[in-house]
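What follows is a short report on a single structure.
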Amino acid sequence: PILRSARVFLDDPALDKIDMGIGVYKDAQGKAPVLSCVKAAEARLLEQQDSKVYLSGSGNELYNEQIRELVFASDPAAGTALLDRAVSIQTPGGTGALRVGVSARLAQVALAEAGGIEADSIGEIWHGLAPPYLDLFDWIAGGPKPVPRAAAPFRPVMLATPADAETLAPLNPDGFLAEWKWDGVRVQAVAEGGVRRLFTRRGEDISAAFPDLVEALGFDGVLDGELLVRQGDEVAPFGELQKRLNRKTVSRALLASHPAILRAYDVLIWRGEDLRPLPLAVRRARLEIAVAELSHPRIDLSAAVSFNDWAELDTIRAAPPDPVIEGVMLKRHDSPYRAGRPKGPWFKWKREPMVVDAVLLYAQRGHGKRSGYHSDFTFGVWDEDALVPVGKAYFGFTDAELRELDRFVRENTTERFGPVRQVAPSLVLEVAFEGLNRSGRHKAGLAMRFPRIRRIRWDKPAVEADTLETLHALLP
């Protein structure tokens, strides 16, 4: 079932997350032999308990689990098919749920286990494959290893796990290299066989948007680093980098005003030699030599941060030398470069988030398991005597808090606009966010990065919420 599901749903080799709606199994003729089993399970569930208990939303986890159990109990073959090849169904709740998220890495591990192959070997060729993946499945079945079709292909990146003081306390700081975590875009710069490409960490080719940086890749190898733009001698805020993202072409004016640079912090391959199995300390020494030999103004070295213990690093982290720095990266000196997110070798220790008290203005129903609740919240701050929307948050609250917020929305709705409800401006939310960018597309003149609801301030009156002036003072 794993192989068949992967073959059906992996329709994009660069996809990082795949949504599979699980419900009706359809065969090649489009028939649905499992539908009757699911409907029968629903009928039995209705007999067993009040439908209001589980039909408040089609994504209700209890409902999903009970349906799966009943289908498997009545017909194991149908249960297998249910998880084998599936499309979404309309459950009694209305929108069709039973959805499962599958990461690309999980699919690679499943394929590796099925074929007795290293998952990293599959990841190495993953982005050079194309539907219908016949060569991949032939390899899993014992055939020859596929040869990536793309020149200068993307290699899977190594990711860090979040950390805090408590996580790091039992670890020896002498075993780690510290670097600044810049607020840019993680990229992989590849130059092989006369072909130069710039990839995001998910394998998306963004070379066309950054021709000035691609032109600077005058080497033979693969570098890992942070994509940034400069304004004068300073690194520009992320909002300025966004102006160059997702473009097929870039104007001369934008190339001149927002020149791109690569801040390199690792080397994967150099002059034909794969350095990934080597310890970070060795790769770092090779990287320093490589960047010095390149001597190009658009490629520089990620600086190491000196520290003696975690307490000192915590102090340094809280007061970085540049506003575009969002924390520190920690990497074990002895760590090889391994694809995925192995726990332990690399950590990211971000600055404490910015916080603002804002007033809830609008709410919208969520999706999937949240489709029965209002879980998308728009909030604003005071601009003199008026409330101006400044952001939207979808997470940060517990399930219990979600139910409280949903109840507040239903009891305090003043107007409806399709799926959106306007509420009486009386509830204050403590909103945490990672940064602010100037934005001409928003009435407030700014945009928040990664906002989330950190606390519901039932105790605070709306008139005491923060002001737009306060937010503008936080802009870099």
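Residue numbers start at 1 and run along the sequence shown.
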Can you see whether F238 has R449 sitting over its ring - NZ or CZ less than 6.0 Å from the centre and within 45° of the normal?
yes
Would R286 pass as a cation-pi partner of W270, given that its NZ or CZ must be under 6.0 Å from the six-membered ring centre and within 45 degrees of the axis?
no
Show the numbers, then the answer: is there a side chain to side chain contact (heavy atoms under 4.5 Å, CB included) between F210 and L245?
CA-CA 8 Å; F210 298 93; L245 294 173; 3.7 Å; yes
Is the number of heavy atoms from other residues, nucleotides or ligands under 6.0 Å of [X] [atom1] greater than 12?
X	atom1	answer
E288	CD	yes
R186	CZ	yes
E293	CD	yes
E469	CD	no
E215	CD	no
E234	CD	no
K443	NZ	no

Would you confirm whether the ring centroid of Y265 sits within less than 6.0 angstrom of the ring centroid of W180?
no
Can you spot which of L228, I261, L227 makes a side chain to side chain contact (heavy atoms under 4.5 Å, CB included) with L213?
L227
Which residue, E226, K331, R263, forms the side chain to side chain contact (heavy atoms under 4.5 Å, CB included) with E179?
K331
So I316 and E312, side chain to side chain contact (heavy atoms under 4.5 Å, CB included) or not? Walk me through it.
CA-CA 6 Å; I316 294 172; E312 182 182 4; 4.1 Å; yes
I need the minimum non-hydrogen distance between [X] and [Y], along with the two atoms involved.
X	Y	result
M158	P345	CE-CB, 3.6 Å
A216	R298	CB-CB, 4.1 Å
P389	A444	O-CB, 3.7 Å
V420	Q364	CG2-OE1, 3.6 Å
R247	A209	O-CB, 3.4 Å

In sequence, state the C-alpha distance, the side-chain angles, and the governing distance for S207 and D205, and then conclude on side-chain hydrogen bond (donor to acceptor under 3.5 Å, both in side chains).
CA-CA 6 Å; S207 306; D205 190 335; 2.5 Å; yes
Do the non-hydrogen side-chain atoms of V190 and E192 ever get within less than 4.5 Å of each other?
yes
Test log, rule side chain to side chain contact (heavy atoms under 4.5 Å, CB included), inputs T467 and V381:
CA-CA 5 Å; T467 66; V381 295; 5.7 Å; no
Gap separating the CZ atom of R244 from the NE2 atom of H258, nearest 0.5 angstrom:
9.0 Å
Within this structure, what is the OG1-CD1 distance for the pair T200 and I206, rounded to the nearest 0.5 Å?
6.0 Å
